[in-house]
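Beneath this line is the structure, given in structure tokens, with notes to follow.
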Amino acid sequence: MEKEKTRSLGSGDFENKLGELQKIVSRLENDSAVTLEDSIGLYESGLKIAKECVDDLAQLNTRISELNKQLDLVLCMPPFGDSDEN
């Protein structure tokens with residue numbers, strides 16, 4: 001599980017996963033030729049991709065929180081050249 005937290009997201013990875021998930025859903029909804037066994041396989045693939053998307057969002061949320069903490073530190077710093085000495 002720790003390995004998943006440290007993997008990095010490439011450009012467009014999340015969007016690609018969503019696209020794959022949409023294809024799976026569309027096929028399950030619209031392709032009457034899909035067998036029951038194939039439907040189960042597609043459903044399992046969709047669940048795996050959905051879990052990866054949730055993990056990706058959690059990782060991005062952590063990154064955003066860390067960036068916000070850094071921003072808070074910067075905003076709390078006195079302006080350059082200001083000193084309490086008079």
Side-chain angles (χ1 to χ4, degrees):
M1 180 109 169
E2 193 64 31
K3 182 180 179 183
E4 288 179 339
K5 288 183 180 179
T6 59
R7 69 183 168 82
S8 62
L9 290 173
S11 178
D13 282 352
F14 185 79
E15 291 82 2
N16 290 336
K17 289 175 189 174
L18 283 181
E20 285 299 312
L21 195 53
Q22 288 172 335
K23 288 178 189 175
I24 290 171
V25 170
S26 178
R27 187 157 178 223
L28 285 170
E29 289 179 342
N30 301 316
D31 189 350
S32 60
V34 175
T35 65
L36 180 60
E37 193 64 33
D38 288 342
S39 294
I40 292 170
L42 288 168
Y43 185 78
E44 287 174 336
S45 295
L47 284 178
K48 180 180 178 264
I49 294 169
K51 182 188 179 318
E52 289 174 4
C53 288
V54 168
D55 292 344
D56 290 348
L57 288 173
Q59 179 183 355
L60 292 171
N61 188 43
T62 300
R63 283 180 56 195
I64 289 170
S65 294
E66 290 170 4
L67 291 170
N68 284 337
K69 287 178 188 175
Q70 290 176 12
L71 178 63
D72 288 345
L73 287 174
V74 169
L75 292 176
C76 291
M77 294 174 65
F80 182 74
D82 265 5
S83 67
D84 291 336
E85 298 175 20
N86 285 335

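In this text, all values refer to a predicted model and were calculated from it rather than measured experimentally.
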Minimum heavy-atom distance Leu18-Cys53, with the two atoms named: CD2-SG, 4.1 Å
Considering all heavy atoms, the nearest Gly46-Leu21 contact: O-CD1, 3.4 Å
Residues Asp55 and Lys51 bridged, charged N to O under 4.0 Å: yes
Value rounded to 0.5 Å, distance of CG in Leu57 from OG1 in Thr62: 11.0 Å
From Gln59 atom CD to Glu52 atom CD, the distance as rounded to the nearest 0.5 Å: 12.0 Å
Donor-acceptor pairs under 3.5 Å, side chain of residues 32-42 to any protein atom, not counting sequence neighbours: which ones?
unit_1	atom_1	unit_2	atom_2	d
Thr35	OG1	Asp38	N	3.0
Thr35	OG1	Asp38	OD2	3.2
Ser39	OG	Thr35	O	3.0

Residue pairs passing the side-chain hydrogen bond (donor to acceptor under 3.5 Å, both in side chains) test where at least one lies in residues 65-75, sequence neighbours excluded: none
Contacts of type side-chain contact (heavy atoms from CB on, under 4.5 Å), residue Glu20, not counting sequence neighbours: Lys23, Ile49
Partners meeting salt bridge (Lys or Arg N to Asp or Glu O under 4.0 Å) with Glu44 (sequence neighbours left out): none
Connected hydrophobic set around Tyr43, excluding itself, where side chains approach under 4.5 Å: Leu47
Check: Arg27 and Ile24 side chains under 4.5 Å, non-hydrogen atoms: no
